[in-house]
Number of protein chains: 2
Amino acid sequence: MLYAEFMSTSLPPLPPPEEPMGEPELLEIGLAEEEPCLRADAARNRARLLEAAGRLVAEHGAAGVTMEAVAAAASVGKGTVFRRFGDRTGLLTALLDHSARQLQADLIGGPPPLGPGAPSVERLRAFGAAVLRRSAEQLDLQLAAQPEPARKLDHPTVRVLTSHVTYLLRDLVPDADCELQAQALMGFLDPAVVHHLHKRCGMSLDRLESGWIDLVARVTGTGRPA
Amino acid sequence: MLYAEFMSTSLPPLPPPEEPMGEPELLEIGLAEEEPCLRADAARNRARLLEAAGRLVAEHGAAGVTMEAVAAAASVGKGTVFRRFGDRTGLLTALLDHSARQLQADLIGGPPPLGPGAPSVERLRAFGAAVLRRSAEQLDLQLAAQPEPARKLDHPTVRVLTSHVTYLLRDLVPDADCELQAQALMGFLDPAVVHHLHKRCGMSLDRLESGWIDLVARVTGTGRPA
DNA sequence: CATTTAAACGGACCTCGGTCCGGATGGATC
DNA sequence: GATCCATCCGGACCGAGGTCCGTTTAAATG
């Protein structure tokens, strides 16, 4: 099964989908689809809002990003913020969108070992390292952007990553229940876990990365890397 | 190292503690210590509030448990609810307290395979099954009771369970970084994950339980059970 | 241009979690 | 039983997220 095909059939709504689906070229499968065409003023305000939000994060941390504050900083009405981004989570997620797309692009078409070309085990190891690094960089934003627990795993961005892991696992341990094992692996990369281990318990990122490598080795039954 | 000793030294605040610590008998290590002695009226109100909250959960689900509603239902002032339980999370957690204590007691002193007496690998399998069952029963409450992501893993109740898993892993894979592997295992049992897989994706609890057994086998390097 | 309309705007308004503080009260002390 | 004070009580109050709706405006059409 082709990667793009797998990703597109494994992503859609909850009940596992059926339609075999046609073709690749659908790179940004799981990200907020570009609002097709925004009216000029809307686009301008959207840009203003993102810029204002970014500034607020830089100045006061994610906690300082109040919807009213953002609206004010962008000289825009509060309602506009909600219409454009839905809710606070949506706004914060939009702030992370660039790096999320970058990661996805690297997974799908970047150079090995993250992208295609390397053996699946190595891709899986590189995946964890990349996500760990990315989480560490933007931890407060990542944490603040999480929706309520009941929905966090429904979020397209997360599902794309989980699907990617599932895809790699299918290659490595075809007899296992890869969706479940993928979920277990992803759990380790959850921003909340990274925050707990790294910030609260003071573990180094290197240690977390080693933990990931080890975990991958155990789950896939491959030996530790040389 | 004795279990109680391990649990008590591995639990305290973030920076890994040192003091070797004295002795066992400290069963309820990680649960909200009983407020020593409550004034008569305070105790009465506390009971009323828990009863009212329980009723509201039963009637309208966890989402229907508003602090003001609980206060009203218990014929008590809103401030009283917060003084007693700190915040909404505290109230919901108190509602889960009984079952949490029960689980802890079973782990520490219950019959095998959950309690001591069985081989560690079997205890670990039983642990997952027990947590999975418990989560499934009280999913909405478990989800609603979660504090903000940045703190959820600091919660004593969670730390006790994680420590338990770490303890078992030390016996099974002494050379691994057991704290990290334990965290990975615990991730699979997170209510958010259970909710996603069971409710949203429609996987059966049996399937999740099998996934756990398999995960344990992989992480510990023991074969699948007979 | 004039017209039309879907889309965007903005801020009043609502709810809910959480805080504060002046007043009431349980219970220990004498 | 009178006194005293730590504790508790209650509800006014605040801030932040989220909704609503009457008004404005971009831009497509003729």
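Just so it is clear, the structure is predicted and the values come from calculations on it, not from any experiment. Here is the naming used below: chain letters follow the sequence lines, and residue numbers restart at 1 for every chain.
- Between Arg207(B) and Leu180(A) the shortest heavy-atom distance is O-CD1, 3.4 Å.
- Across the interface with DNA chain D, nearest-nucleotide mapping of Met67(A) and Gly79(A) shows Met67(A) to be the residue nearer the 5′ end.
- Applying the 4.0 Å criterion to OP1 and OP2 of dA8(C), one finds that Thr80(A) has every side-chain N and O outside that range.
- Here the P atom of nucleotide dA8(C) and the CZ atom of Arg44(A) are 13 Å apart, to the nearest Å.
- Distance from the side chain of Ala42(B) is smallest to dC8(D) among dT19(D), dC8(D), dG10(D).
- Rounded to an integer number of Å, the gap from CG of Leu38(B) to C1' of dG26(C) is 12 Å.
- The side chain of Arg83(B) places no N or O atom within less than 4.0 Å of a non-bridging phosphate oxygen (OP1 or OP2) of dG10(D).
- One can place CG of Leu49(A) at 14 Å from P of dG17(D), the figure rounded to the nearest angstrom.
- Side-chain contact check for Leu124(B) versus Leu185(B): some heavy-atom pair is nearer than 4.5 Å.
- Between the side chain of Arg39(A) and the base of dT25(D) there is at least one donor-acceptor pair of N/O atoms closer than 3.5 Å.
- In this structure, CD of Glu68(A) is placed 11 Å from P of dG11(C), rounded to the nearest angstrom.
- As a whole-Å value, the separation of Lys78(B) NZ from dC16(C) C1' is 6 Å.
- Look at Arg55(A) and Glu51(A) and you find a salt bridge, because one of the NZ, NE, NH1 or NH2 atoms lies within 4.0 Å of a carboxylate O, short of that distance.
- Both Ala40(B) and Thr89(B) sit near DNA chain C, but only Thr89(B) has its closest nucleotide nearer the 5' end.
- With rounding to whole Å, Arg84(A) atom CZ is found 14 Å from dG10(C) atom C1'.
- Here dA16(D) presents its P atom at 15 Å from CD of Glu148(B), a figure rounded to the nearest Å.
- Residues Gln102(B) and Asp106(B) have side chains that bring a donor and an acceptor to within less than 3.5 angstrom of each other.
- Here dG18(C) is the nucleotide among dA12(C), dG18(C), dA8(C) with the atom lying nearest to any side-chain atom of Asp87(B).
- The distance from atom CG of Leu50(A) to atom CG of Asn45(A), rounded to the nearest 0.5 Å, is 11.0 Å.
- Phosphate proximity of dC9(C) to Asn45(A): present, with a side-chain N or O under 4.0 Å from OP1 or OP2.
- Distance, Phe82(B) CZ to dG11(D) C1': 13 Å, rounded to whole Å.
- Picking from dG18(D), dC8(D), dG17(C) the nucleotide with the shortest atom distance to the side chain of Asp41(B) gives dC8(D).
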